[in-house]
Amino acid sequence: MRLSSLALAAGLSLLRVAAHDGSQQKPLGDEKKGSQPNIVFILTDDQDLHMNSLDYMPLVKKHLIDRGTQYRRHFCTTALCCPSRVSLWTGKQAHNTNVTDVNPPYGGYPKFIRQGFNNAYLPVWLQQAGYNTYYTGKLFNAHTVENYDAPHAAGWNGSDFLLDPYTYMYLNASYQRDRDAPVNYKGQHTVDVLADKAYGFLDAAAADGRPFFLGIAPVAPHSNVQTLLFDDIGDIEQAAVFSPPIPAKRHEHLFGDARVPRTPHFNPEQPSGANWVRRLPRQGPDNVAFNDHFYRQRLRALQGVDELVDGVFARLGRLGLLDSTYVFYTTDNGYHIGQHRLQPGKECGFEEDINIPLVVRGPGVPEGRAVTNLVTTHIDLAPTILDLAGAPIRADFDGEAIPLRARDLEAAVGSRHEHVTVEYWGFAIGEGKLFGDEKSRLVLNNTYKALRIISKTYNFYYSVWCNNEHELYDLTTDPYQQHNLLHPSALSESNTEPLLLDGVPLGKVVARLDALLLVLKSCRAQTCVRPWHALHPTGNVASLHDALHARFDTFYEHELPRVSYGRCELGYLLDAEGPQWDVDGLVYRHGARWDEWV
Ligand SMILES: *[C@@H]1O[C@H](CO)[C@@H](O)[C@H](O)[C@H]1NC(C)=O
Ligand SMILES: *[C@@H]1O[C@H](CO)[C@@H](O)[C@H](O)[C@H]1NC(C)=O
Ligand SMILES: *[C@@H]1O[C@H](CO)[C@@H](O)[C@H](O)[C@H]1NC(C)=O
Ligand SMILES: *[C@@H]1O[C@H](CO)[C@@H](O)[C@H](O)[C@H]1NC(C)=O
């Protein structure tokens, strides 16, 4: 039968990967070292692309957007700080890090340590490749004044970390340098404190002369949060009191007229989305006015970051390093305010939360407001940086290097993957103020898997929620994701004439997207990059377009199980996650093998 040959082939391809998995570090030739560029990586916190925050950053525009390339289809894969950052620094999807939350037991710094990543993440590999490595700002959540030395984060020649519970206090931050005790900066603006630390590391790096990596991770424009240590409380809502970000004094009167863009999906008359999002009430005028204030505070708080970018480039220029340094500018995840009636926050699969800024400037990177439409993700960044460093790309990476130079960008058109794997487990929380008789903005059961898939002719978002609701948006015709084509009301409207997508009936497209998601939700390594290959091991299908061929109808519509959940969980518990490709390529459900289940 079809499936056993499929399983066999998938098993074989996994064996092939495993064969050169692990100790693939080969020593670097000296000739390579001479050409290793420096890398400055600026990582903001919760910065949006879709509410136009970059338009309010003239110095980012001057140094990065005007002199580099913008990746307009860059995505994070989990729209929450800690999982997103762990994925970024390890090059793995969250289902392969199993760091899926900001706090224990499913996430945070202790989980990062427990999963063994302190010896297997980017700075460690960069040091092995001969780099000096420096970092200042927020590394992970639940990295605290109590656990920072148990153990210290590995891989850094110099570090100065923001620590919980003061990470998000703009005017009362705690930073912890190298092996020293934490230092409190009461009354000083956290981004200004950070800028000085970043400049200091830049000077030290330049003085040493070896190639360097410098990570700069300001907390702006994240909400200001008064937190208690989660360990003491164990309840995210009790442990954190959110308020709008606080700008530096010199920026607090800027942008008085700015407000959240009034796009068609801003606080709409009709609800949209699925699950809890579809049940959100429309926001009243006081709520909208407060959220516009929240928006302005974000833009103001970003001004310190804008100045920091200017300061970094001024120093790189003075130190004579501009021609030998790549500068990356991105964020951990996006942000929404008011779209789909959502209160300020992230954690969703909508474009606002997952499609985020990425701008790169450096030797050979096209400049002059260059924009590329290649699909890239945070999982691709670790391989990108190792590639720049001339270090071997690890066989267990779930992504592939992002092309940076003009020639490579051109070569990737038509061959680069067209999908993004999006996953989320656990809570969502509104970070604004409560209005009327609202008691809580905490939502549990915000667990879902999704994919984005984008080509010249199609542009979809497909998701399955843990309550087994489905979403499908055709972003070509519905760029604001207001019409869920799989909501029961949409399906009943269209039951006379089948909806067509890209000339193919809706049901046939969904069958392919679901199969793709089935592979992606538990993929490892190259299967995450070339998922169609798992479904078509002979290699004759490399895209949704190829898979839509009518000769595959039976396979997709009748031979594969559908993605579904057994129940909602706050973490990655396999027995709640329905059918899987397991490590042998077989499919099972609730612990039963595929062949027992059909
Ligand atoms: C940075 O750390 C690495 C790994 O410990 C070490 O080999 C290298 O010499 C250090 N660089 C400096 C400038 O001390
Ligand atoms: C500011 O930080 C210090 C610790 O560094 C802490 O003791 C104090 O309570 C904090 N202030 C507020 C208002 O949270
Ligand atoms: C969350 O999911 C669980 C299991 O599916 C269910 O029992 C519970 O009622 C759900 N809670 C909410 C708030 O929807
Ligand atoms: C992920 O971590 C949680 C918490 O430690 C654990 O219960 C779960 O089994 C892990 N999931 C997988 C797939 O290993």
Side-chain angles (χ1 to χ4, degrees), residues 28 33 38 78 82-83 86 92-101 103-108 110-119 122-135 142 144-146 148 152-159 162-176 178-179 181-188 190 193 201-214 224-229 232 239-241 243 246 389 423 425-426 447 449 521-524 566 569-578 580-583 588 591:
L28 216 62
K33 283 200 172 145
N38 308 310
T78 302
C82 190
V86 173
K92 287 173 181 293
Q93 289 283 154
H95 68 256
N96 288 332
T97 65
N98 200 10
V99 179
T100 60
D101 197 353
N103 286 309
Y106 301 121
K111 179 76 167 166
F112 167 84
I113 297 291
R114 211 165 52 242
Q115 295 293 100
F117 291 123
N118 208 24
N119 301 314
L122 189 67
V124 173
W125 299 321
L126 284 171
Q127 283 186 334
Q128 286 166 0
Y131 272 66
N132 285 333
T133 55
Y134 307 88
Y135 194 94
T144 74
V145 293
E146 288 175 5
Y148 69 89
H152 285 282
W156 305 107
N157 289 86
S159 62
L162 271 167
L163 293 183
D164 282 357
Y166 310 109
T167 304
Y168 306 105
M169 296 183 76
Y170 278 77
L171 298 175
N172 192 33
S174 276
Y175 283 86
Q176 184 272 317
D178 299 334
R179 304 276 145 154
V183 174
N184 173 253
Y185 290 84
K186 192 172 179 57
Q188 298 183 52
T190 181
V193 172
F201 280 139
L202 204 45
D203 291 340
D208 182 76
R210 264 175 275 188
F212 66 84
F213 174 94
L214 167 61
N224 188 69
V225 190
Q226 183 97 30
T227 39
L228 300 166
L229 282 181
D232 300 342
V241 178
S243 54
I246 301 171
E423 40 196 5
W425 294 264
T447 296
K449 319 231 173 247
K521 79 191 182 89
S522 50
C523 66
R524 282 176 199 279
E569 278 292 352
L570 294 172
Y572 182 35
L573 304 186
L574 263 190
D575 68 346
E577 303 235 343
Q580 304 269 336
W581 290 94
D582 78 0
V583 286
Y588 70 91

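Nothing fancy with the numbering, it's 1 onward along the sequence. Fair warning: this is a prediction, and the values are worked out from it, not measured in the lab. Each ligand, and each atom within it, is numbered from 1 in the order the structure gives.
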Point to revise | Mode of P182 contact toward ligand 2 - side chain, backbone, both, neither (heavy atoms, under 4.0 Å) | key: neither
Study note, to complete from the structure: Q127 meets the side-chain contact (heavy atoms from CB on, under 4.5 Å) criterion, sequence neighbours left out, with T133, N157
Check your understanding: Is it the case that Y168 and T190 place a side-chain donor and acceptor less than 3.5 Å from each other?
Key -> no
Practice item. Hey, could you give me the CZ/CG distance between F117 and L122, rounded to the nearest 0.5 Å? Key: 13.5 Å
Check your understanding: Side-chain contact, heavy-atom cut-off 4.5 Å: K111 with N98?
Key -> yes
Review point. Do you know which of Y148, Y175, Y166 makes side-chain contact (heavy atoms from CB on, under 4.5 Å) with P182?
Key: Y148
Point to revise | Polar contact flag for Y131 and ligand 1 (N/O pairs, less than 3.5 Å) | key: no
Review point. Do side-chain atoms of N132 reach the backbone of G158 as a donor and acceptor pair under 3.5 angstrom?
Key: no
Review point. Considering only heavy atoms of N172, which atoms of ligand 2 have at least one such atom less than 4.0 Å away?
Key: 1 (C), 2 (O), 3 (C), 8 (C), 10 (C), 11 (N), 12 (C), 14 (O)
**Study point:** Y134 N/O to ligand 1 N/O under 3.5 Å
**Key:** no
Practice item. Evaluate the side-chain contact (heavy atoms from CB on, under 4.5 Å) criterion for residues Q176 and V145: first the C-alpha distance (whole Å), next the side-chain angles of each, then the deciding distance (0.1 Å), finally the verdict. Key: CA-CA 8 Å; Q176 184 272 317; V145 293; over 6 Å; no
Are there any N/O pairs under 3.5 Å between ligand 4 and the protein, and if so, what are their distances?
{"residue": "ligand 4", "atom": "2 (O)", "partner": "N98", "partner atom": "ND2", "Å": "2.4"}
{"residue": "ligand 4", "atom": "2 (O)", "partner": "K111", "partner atom": "NZ", "Å": "2.9"}
{"residue": "ligand 4", "atom": "5 (O)", "partner": "K111", "partner atom": "NZ", "Å": "3.0"}
{"residue": "ligand 4", "atom": "11 (N)", "partner": "N98", "partner atom": "ND2", "Å": "2.9"}
{"residue": "ligand 4", "atom": "11 (N)", "partner": "Y572", "partner atom": "O", "Å": "2.8"}

Check your understanding: Hey, does L570 have a side-chain heavy atom less than 4.5 Å from the side chain of T447?
Key -> no
Exercise for review: May I ask you to decide if the ring planes of F201 and Y134 are parallel, tilted or perpendicular, using 30° and 60° as cut-offs?
Suggested key: tilted
Check your understanding: Side-chain contact, heavy-atom cut-off 4.5 Å: W425 with E569?
Key -> no
Point to revise | Close-contact set for ligand 1 against N157 heavy atoms, below 4.0 Å | key: 1 (C), 2 (O), 3 (C), 8 (C), 10 (C), 11 (N), 12 (C), 14 (O)
Check your understanding: M169 heavy atoms, cut-off 4.0 Å: which ligand 2 atoms fall inside?
Key -> 12 (C), 14 (O)
Check your understanding: Got an N/O contact under 3.5 Å between D208 and ligand 1?
Key -> no
Exercise for review: Output the list of atoms in ligand 2 that are nearer than 4.0 Å to some heavy atom of S174, sorted by atom number.
Suggested key: 5 (O)
Review point. Can you list the ligand 1 atoms lying under 4.0 Å from a non-hydrogen atom of N132?
Key: 1 (C), 10 (C), 11 (N), 12 (C), 13 (C)
Check your understanding: From K521 NZ over to Q93 CD, what is the distance, rounded to the nearest 0.5 angstrom?
Key -> 13.5 Å
Check your understanding: Under 3.5 Å between some N or O of ligand 2 and some N or O of K186?
Key -> no
